[in-house]
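One structure is given here, and the rest of the page talks about it.
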Amino acid sequence: MRRDLANPRLLRVLNERRLLDQLHEHGPASRADLAKSTGLSKPTVSAALAGLAEDGLVHLVGEVSGRPGPVSSLYDVNAASTHVAGIDIGRDWIRVAVADLCGAFAGRTDGRNTARTSAELAELVGELAGAAAREAEVEWRSITCAVVGSPGVYDPVRGGLDFAPNLPGPPDLADRLHAALGVDLVIENDINLAAVGEHVHGAGRGKVNFALVSIGTGVGMGIVINGELYVGARGAAGEVSYIPAAEEPPATAPAAYDGDPFTHGATEAATSAPGVVRAARAAGLELETAREVFAAAAEGNVAARSVVEAEGRRIGGLLVAVAAVLDPEVIVLSGGVGRNLDLLGASVERRIAELGPLRPRVVASALGDSGVLLGAVAHAKSRAWDLIFDARKH
């Protein structure tokens with residue numbers, strides 16, 4: 001017999017986790033129903049439920065009558081017993097949500113990202129986190145786990161963020177966030193979390209293999225393979241901003257987008273929202289944002305339509321590269337630029353058709369600005385369950 005299976009405490013915790021997973025996935029159930037669905041004996045189920053109820057992780061939610069035998073008590077997860085947080089750090093906005101153990105938002109605060117240094121950014125995140133916790137009517141310090149979605153790739157050994165040119169320096173943001181938030185903290189690439197959010201709540205739900213390509217301030221990709229997030233050997237899988245572009249960035253590009261492949265990457269320089277604005281200005285349009293360019297195209301402006309057509313062709317080329325490597329069931333387009341598939345779709349499809357026989361299915365994300373936040377909360381919820389049951393083993 002394996003030594004760990006001979007440990008009564010560990011066996012009890014494994015049984016408790018099995019019951020809690022069952023309740024979380026299928027909803028309220030009686031002792032008899034739980035015994036039937038899990039294969040555990042009724043005394044084992046009763047003992048496990050008693051332990052979970054004593055610690056507030058499950059509670060009685062009703063009774064079942066009208067069938068043979070005594071009235072049965074119904075148990076369910078006590079979602080309010082534990083809270084987690086998701087944080088989305090973008091160049092323009094910071095979004096914080098506090099959620100219960102089942103992932104339902106209890107409080108959310110969005111704020112403009114006005115920070116110019118990592119110290120200011122960490123302080124701002126801390127303020128928004130506190131506001132979200134107050135809305136949820138919980139103490140921030142009681143949060144079991146917080147997950148931060150940020151541009152770049154976090155190196156846990158060095159404690160720094162790589163490939164994050166859109167964040168303010170100096171490059172000590174991770175340490176400052178740990179200090180400002182003071183709870184169990186995980187830092188993950190924002191587009192990876194957007195893929196998690198899409199897998200749980202959006203167009204990736206039920207898909208075993210899919211990719212999310214985000215085109216906004218930057219360009220990135222989240223990959224789900226065999227139902228699991230794939231990040232690669234060093235966390236850099238999906239950094240498609242560094243794929244060589246079909247066209248070089250304009251010679252008049254601002255210094256931050258001067259085509260330096262070690263800064264933003266050729267694809268990001270040409271295809272991101274700043275690239276769209278530069279192309280619009282080169283076409284004689286005095287517009288400030290990609291949103292304005294797409295609005296002008298929707299209103300029939302010929303120059304804006306030409307810019308959008310060229311953007312769709314660049315995106316189509318990128319998606320063919322993604323399809324050739326991953327062969328996903330679906331590619332979800334997100335981000336402030338990418339989700340404009342109503343305007344981009346025709347040129348994307350034409351470019352895909354020009355490049356060969358691969359025909360990836362392409363859809364726009366329906367999660368809006370909440371994809372990263374939903375993914376962060378889902379990740380935090382999963383980690384919180386692990387932390388809770390790891391503690392119960394000791």
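Along the sequence shown, residues carry numbers from 1. What you see below is based on every heavy atom in this structure, not just the backbone, and it leaves out hydrogens, waters and symmetry mates.
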Flag the pair [X] / [Y] as yes when at least one side-chain heavy-atom distance between them is below 4.5 Å, and no otherwise.
X: Ile388; Y: Leu20; answer: no
X: Leu193; Y: His379; answer: yes
X: Val200; Y: Lys381; answer: no

Show me the side-chain donor-acceptor pairs of residues 222-236 shorter than 3.5 Å, one per line, residues at least two apart or across chains.
none

Any salt bridge (Lys or Arg N to Asp or Glu O under 4.0 Å) pairs touching [range], not counting sequence neighbours?
range: residues 208-224; value: none
range: residues 77-89; value: Asp88-Arg95
range: residues 184-209; value: Asp184-Arg383

Heavy-atom pair with the smallest gap, counting every atom of Asp76 and Leu23: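 So the minimum-distance heavy-atom pair works out to OD1-O, 3.9 Å.
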
To check you understand the geometry: which heavy-atom pair defines the closest contact between Ala136 and Gly107, and what is its length?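 Scanning both residues, the minimum pair turns out to be CB-N, 3.9 Å.
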
Applying salt bridge (Lys or Arg N to Asp or Glu O under 4.0 Å), name anything that partners [X], two or more places apart in sequence or on another chain.
X: Asp92; result: none
X: Arg281; result: Glu288
X: Arg18; result: none
X: Arg12; result: Glu16

side-chain contact (heavy atoms from CB on, under 4.5 Å) partners for [X], two or more places apart:
X: Thr289; result: Arg291, Glu292
X: Glu120; result: Ala115, Arg116, Thr117
X: Asp100; result: Ala79, His83, Cys102, Ala104

Do the charged groups of Arg17 and Asp386 touch, with an N to O distance under 4.0 Å?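 So Arg17 pairs with Asp386 through a salt bridge.
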
Validation: residues 339-347 side-chain donor-acceptor distances under 3.5 Å, sequence neighbours left out:
unit_1 : atom_1 : unit_2 : atom_2 : d
Arg339 : NH2    : Asp369 : OD1    : 2.8
Asn340 : ND2    : Gly336 : O      : 2.8
Asn340 : ND2    : Val337 : O      : 3.1
Ser347 : OG     : Leu344 : O      : 3.0

